[in-house]
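Along the sequence shown, the residues carry numbers beginning at 1. Note that these values count all heavy atoms, side chains included, but never hydrogens, waters or copies made by symmetry. Just so you know, these numbers come straight off a predicted model, no measurement behind them.
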Amino acid sequence: MEQKNIFRIKIGHREELATQNLIKDSSIFGEKIISKNNVEYVEWDPYKSKLAASIRNGLQIFPIVKKTNILYITSKIESTILHISNIIGENGRIFLYSYNNEDLEKIISDRNNIRILNDVDEVQSKKVDVIYVDVNNDNEVEKAINHSKRCLKKTGFLMIILKKDEYINSSDNAVGWLAEQRSGLDKIRSKIKQLKMDFDMLQEVNLGINYLGIGPFHKNYIFAVCRYR
């Protein structure tokens, strides 16, 4: 995946993902800020961001670039929104809708390219380039898919995190983490089948694997990217 606004920064002996900070000294949850050659970067931790984990695990389709307009639907704000804000720049826009009662104004107070929505359909007339969805339960996933049909441009992109059932199939002959990866996928397959009615599925990334060998990033999740027909 080539993306000019995502960097790999050496921190000690480690190479970490980072984005160039749009606003000097700005972070949301105390993310590490690194200055190199008078340029400020923010570390993008894959354990704290499912989008970063998907990049680490081989995401090839990345439709978020400068000036992108995004509808961001979530149950809980994580550092992902900071990095998307950095990537799209001052002329892009994040329309944020959260199912949680967090103090959103305080969290994103210095980010002028993020607008908080009271109702998702506020962007229906604008039509966005990308919808990013990270929600907790199936009902919210259903709502997000319906929102996509109303608010997404034709051939626009849906980036959605899907959660597996949290159990291990004891009849599976595989052992350890492989059994975990195989288990709980029926619900994922059902959601993918539903998405394929209106979207072309472009890529699915298993976030339960960490090719760095340290431990799974988000073991119960699949990251899916699809294009609206």
I'd like to know if Leu96 and Ile23 are part of one continuous hydrophobic network [Ile/Leu/Val/Met/Phe/Trp/Tyr, side-chain heavy atoms within less than 4.5 Å].
no
Could you give the distance from CD1 (Ile88) to CG (Asn5), rounded to the nearest 0.5 Å?
10.5 Å
Of all residues at least two apart in sequence or in a different chain, which pass the ring pair (Phe, Tyr, Trp, His ring centres under 6.0 Å) check with Phe223?
none
What's the verdict on side chain to side chain contact (heavy atoms under 4.5 Å, CB included) for Ile84 and Ile94, showing C-alpha distance, side-chain angles and the deciding distance?
CA-CA 8 Å; Ile84 291 178; Ile94 298 171; 3.7 Å; yes
Heavy-atom side-chain proximity of Ile192 to Ile222 below 4.5 angstrom
no
Side chains of Tyr228 and Lys154 in contact at under 4.5 Å (non-hydrogen atoms):
yes
SG (Cys226) and CG (Leu202) are apart, to the nearest 0.5 Å, by 7.0 Å
Minimum side-chain heavy-atom gap Val65-Ile87 below 4.5 Å:
no
Would you call Lys191-Glu142 a salt bridge at under 4.0 Å N-O?
yes
Distance, nearest 0.5 Å, that separates OG of Ser109 from CG of Leu104
11.5 Å
Heavy-atom check, side chain of Ile73 versus side chain of His147, under 4.5 Å:
yes
Does His218 use its side chain to pair, donor to acceptor, with the backbone of Pro46 at less than 3.5 Å?
yes
So the ring pair (Phe, Tyr, Trp, His ring centres under 6.0 Å) pairs with at least one residue in residues 68-89 (sequence neighbours excluded) are Trp44-His83, Tyr72-Tyr132
What pair of heavy atoms forms the shortest contact from Glu31 to Val42, and how long is it?
CB-CG1, 3.5 Å
Considering only heavy atoms from C-beta outward, does the side chain of Gln20 approach that of Phe7 to under 4.5 Å?
yes
Do you know which two heavy atoms are closest between Ser79 and Ser49, and how far apart they sit?
OG-CB, 3.8 Å
side-chain contact (heavy atoms from CB on, under 4.5 Å) with Asn86: of Ile81, Leu22, Ile6, only one passes, and it is Leu22
Just how far is it from atom CG of Leu158 to atom CD1 of Ile145, taken to the nearest 0.5 Å?
7.5 Å
So, do Leu207 and Lys219 sit near enough that their side-chain heavy atoms are less than 4.5 Å apart?
no
salt_bridge(Lys50, Glu78) N-O dist < 4.0 Å:
yes
Test side chain to side chain contact (heavy atoms under 4.5 Å, CB included) on Thr80 and Leu82; report intermediate values, then the result.
CA-CA 5 Å; Thr80 299; Leu82 167 70; over 6 Å; no
What about Ile34 and Val39, same hydrophobic cluster or not, with Ile/Leu/Val/Met/Phe/Trp/Tyr joined at side-chain heavy-atom distances under 4.5 Å?
yes
Can you give me the closest heavy-atom contact between Ile114 and Arg93, atom names plus distance?
N-NH1, 4.4 Å
Hey, what do you get for CD1 (Ile33) to OG (Ser27), rounding to the nearest 0.5 Å?
5.0 Å
Please step through salt bridge (charged side-chain N to carboxylate O under 4.0 Å, His left out) for the pair Glu122 and Arg115, ending with a clear verdict.
CA-CA 11 Å; Glu122 289 179 40; Arg115 174 186 160 194; 2.9 Å; yes
Is there a side-chain contact between Asn21 and Ser26 (heavy atoms, below 4.5 Å)?
yes
I'd like to know if the side chain of Gln203 reaches the main chain of Gln60, judged simply by a donor and an acceptor atom lying under 3.5 Å from each other, with no hydrogens or angles considered.
yes
Minimum heavy-atom separation for Phe157 and Leu152, please, with both atom names.
O-CD1, 3.6 Å
Between NZ of Lys193 and CE of Met197, what distance do you get to the nearest 0.5 Å?
9.0 Å
Between Asp198 and Arg229, is the closest basic N to carboxylate O distance under 4.0 Å?
no
Given side chains that start at C-beta, do those of Asn113 and Arg111 come closer than 4.5 Å, heavy atoms only?
yes
Heavy-atom pair with the smallest gap, counting every atom of Ala18 and Ile9:
CB-CG1, 3.6 Å
Note: Glu16-Arg56 ion pair, threshold 4.0 Å (strictly below)
yes
Applying side chain to side chain contact (heavy atoms under 4.5 Å, CB included) to Val225 and Leu59, what does each step give before you reach the verdict?
CA-CA 9 Å; Val225 184; Leu59 181 68; 3.7 Å; yes
Chi angles and distances behind the side chain to side chain contact (heavy atoms under 4.5 Å, CB included) call for Lys66, Asn91:
CA-CA 7 Å; Lys66 281 190 178 297; Asn91 296 317; over 6 Å; no
Restricting to non-hydrogen atoms, name the atom on Cys151 and the atom on Leu71 that form the minimum distance, rounded to 0.1 Å.
CB-CD2, 4.2 Å
So for atom NZ, which belongs to Lys76, do other residues, nucleotides or ligands contribute more than 12 heavy atoms lying within a distance under 6.0 Å?
no
